[in-house]
Amino acid sequence: MEKCHLESAKNLDSSVDASLNLQSRPDVQTCTYWKAAIIWEGLFDARLYDEMHKMKGSSVALTVFAVGRYLDAYLHTFLNSAEQHFMVGLPVTYYVFTDMPEKVPNIKLSPLRSMKVIKVEKNSRWQDISMMRMKSISDVIESDIRHHCTHVFCFDVDQVFTGRFGSEALGDSVALLHAHYYHLPKYLYTYDRNPNSKAYMKTGDFYYHAAIFGGSWKNVKALTEACYQGIMEDKRNNVEALWHDESHLNKYMLLHKPSKVLSPEYCWDTSIGFRRDIQVTRLLWAPKYYDTLRTP
């Protein structure tokens, strides 16, 4: 990774990040060349961020898809851990998309927290479930979220919160560095290399992980709409991007730079092993049972 070229966070495009201490982590890249902060442990004062967002009246929609066997395998643990660690102290509404609403667990929610369950059809292929979530998220932002929440965060369900995932992660457009790629040279990034796909990329800035993305409701709506349109155009041309919605998300983030980037602390895979720069973990990959969960 490169080093941050900014001496002060006052030069960041987002004024709310002016309190960040960009020089406190010389071992990692703490900003991008387009002046977006990359959030790592040691850069921010959690209390300041929480006070600021409470004063601004920030509220967060969390969307998560639990379709087929994924509901039984992951949803209860995901929601319980979110109650302990996700945006604690801020109003949060969980939007659970599932084909089996009757099986959504009854979680004891903290004050200021609520849950809405949205029924979706189960696609026969897990790839289609992954890609079609973009339209579902866009639709519910238009019909509901934009009237109640300032920000949206979209998560895969096969993850567990293990530490603070707080208001420092909020921004206009938020992307996540993929834990398996942030240490690798760019030529190893698995962008879609098929020029016939709308997700085609020759190169990019980073490799972003679609397990988490977020931002203001307007920006997340724009992202999900653009990704869905790209996916549908590929379908009409009998093309499927290499990593499905993640490939389209990376293309979108290349053309529309995120205003904030989250370090791999915010979605870590313990199978990678020890990394000195990962001082805390805030969300962990849950065990993946693809052989059983992705079979029809």
Side-chain angles (χ1 to χ4, degrees), residues 1-26 28-63 82 85-93 112-113 141 145-155 161 163-177 182 205-206 208-209 212-224 249 252-253 255-267 279-280 282-283:
M1 300 183 73
E2 301 172 0
K3 297 301 178 186
C4 182
H5 61 287
L6 299 175
E7 293 184 3
S8 169
K10 294 178 181 179
N11 295 316
L12 291 176
D13 283 348
S14 176
S15 60
V16 297
D17 293 323
S19 64
L20 290 172
N21 184 355
L22 298 177
Q23 305 307 315
S24 65
R25 289 293 303 274
V28 293
Q29 184 175 347
T30 57
C31 73
T32 69
Y33 69 83
W34 62 88
K35 299 180 182 179
I38 304 177
I39 305 298
W40 296 84
E41 175 69 6
L43 262 64
F44 61 90
D45 184 326
R47 180 182 53 83
L48 287 178
Y49 266 91
D50 289 346
E51 288 177 355
M52 178 183 60
H53 278 284
K54 287 176 183 176
M55 186 171 58
K56 289 175 62 177
S58 298
S59 53
V60 187
L62 183 160
T63 73
H85 300 294
F86 180 73
M87 302 293 165
V88 174
L90 291 182
V92 172
T93 304
L112 304 178
R113 324 278 274 204
I141 290 174
I145 290 175
R146 70 189 187 96
H147 302 293
H148 306 292
C149 300
T150 59
H151 295 80
V152 184
F153 257 99
C154 307
F155 286 86
F161 292 91
R164 174 190 166 92
F165 196 119
S167 58
E168 74 284 350
L170 296 176
D172 287 336
S173 175
V174 183
L176 167 76
L177 296 183
Y182 79 107
D205 304 309
F206 301 100
Y208 300 117
H209 194 176
I212 303 172
F213 59 92
S216 69
W217 70 259
K218 286 184 178 180
N219 278 322
V220 176
K221 188 171 190 298
L223 181 156
T224 52
L249 180 141
Y252 184 87
M253 290 297 186
L255 300 176
H256 307 85
K257 309 295 190 195
S259 64
K260 181 171 288 184
V261 178
L262 302 182
S263 72
E265 298 167 358
Y266 287 83
C267 189
Q279 297 182 358
V280 300
R282 308 178 186 280
L283 186 77

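Count residues from 1 along the sequence.
- Here the shortest heavy-atom pairing between Leu48 and Ser19 reads CD1-CB, 4.2 Å.
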Residue pair Lys56, Val16: steps toward the side-chain contact (heavy atoms from CB on, under 4.5 Å) verdict: CA-CA 11 Å; Lys56 289 175 62 177; Val16 297; 3.9 Å; yes

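- Taking the six-membered ring for Trp and thresholds of 30 and 60 degrees, Phe165 and Phe86 have ring planes inclined between 30 and 60 degrees apart.
- You'll find the side chain of Leu90 reaches within 4.5 Å of the side chain of Leu170, heavy atoms only.
- In this structure the side chain of Tyr182 never reaches within 4.5 angstrom of the side chain of His209, judged on heavy atoms.
- With a 6.0 Å cutoff to the six-membered ring centre and a 45° limit on the axis angle, Arg282 counts as a cation-pi contact of Tyr266.
- With values rounded to the nearest 0.5 angstrom, Asp45 atom CG is found 8.0 Å from Glu51 atom CD.
- Within the 4.5 Å cutoff, the side chain of Ser167 has no heavy atoms near those of the Met52 side chain.
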Test side-chain contact (heavy atoms from CB on, under 4.5 Å) applied to Leu43 and Ser24, step by step: CA-CA 6 Å; Leu43 262 64; Ser24 65; 3.7 Å; yes

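- Expressed to the nearest 0.5 Å, how far OH of Tyr208 lies from CG of Leu262 amounts to 10.5 Å.
- Shortest non-hydrogen contact noted between Phe161 and His85 is O-CD2, 3.4 Å.
- The structure places CZ of Phe44 at 9.0 Å from CG of Asp50, a figure rounded to the nearest 0.5 Å.
- Shown here for Ser58 and Pro91, the closest heavy-atom pair between the two residues is O-CD, 3.5 Å.
- In terms of heavy-atom proximity, Leu177 sits nearest to Ser263 at CD1-CA, 4.5 Å.
- Proximity of His53 to Met87: side-chain heavy atoms (C-beta onward) are nowhere separated by under 4.5 Å.
- Across all non-hydrogen atoms, the minimal contact from Pro258 to Ala36 is O-CB, 3.5 Å.
- Atom CG of residue Leu283 and atom CD1 of residue Ile212 lie 4.5 Å apart, to the nearest 0.5 angstrom.
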Trace of the side-chain contact (heavy atoms from CB on, under 4.5 Å) decision for Lys257 with Thr32: CA-CA 10 Å; Lys257 309 295 190 195; Thr32 69; over 6 Å; no

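- Contact check for Leu22 versus Trp40: no side-chain heavy atoms found under the 4.5 Å cut-off.
- The shortest side-chain heavy-atom distance between Ile38 and Val28 does not fall under the 4.5 Å cut-off.
- His151 contributes atom NE2, which lies 8.5 Å from atom OG of Ser59 (distance to the nearest 0.5 angstrom).
- For the atom pair CZ (Arg113) and CG (Leu62), the distance works out to 8.5 Å, reported to the nearest 0.5 Å.
- Residues Leu112 and Val92 are not in side-chain contact: their nearest non-hydrogen atoms beyond the backbone lie 4.5 Å or more apart.
- Looking at Glu265 and Glu41, their side chains come closer than 4.5 Å, going by heavy atoms from C-beta outward.
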Side chains of residues 1-9: which donor-acceptor pairs under 3.5 Å do they make with residues two or more places apart or in other chains?
| residue | atom | partner | partner atom | Å |
| --- | --- | --- | --- | --- |
| Lys3 | NZ | Pro26 | O | 2.8 |
| Lys3 | NZ | Asp27 | O | 3.4 |
| Ser8 | OG | Lys10 | N | 3.0 |

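- Nearest heavy-atom pair, Val220 versus Gly215, reported as atom, atom and distance to 0.1 Å: CG2-N, 3.4 Å.
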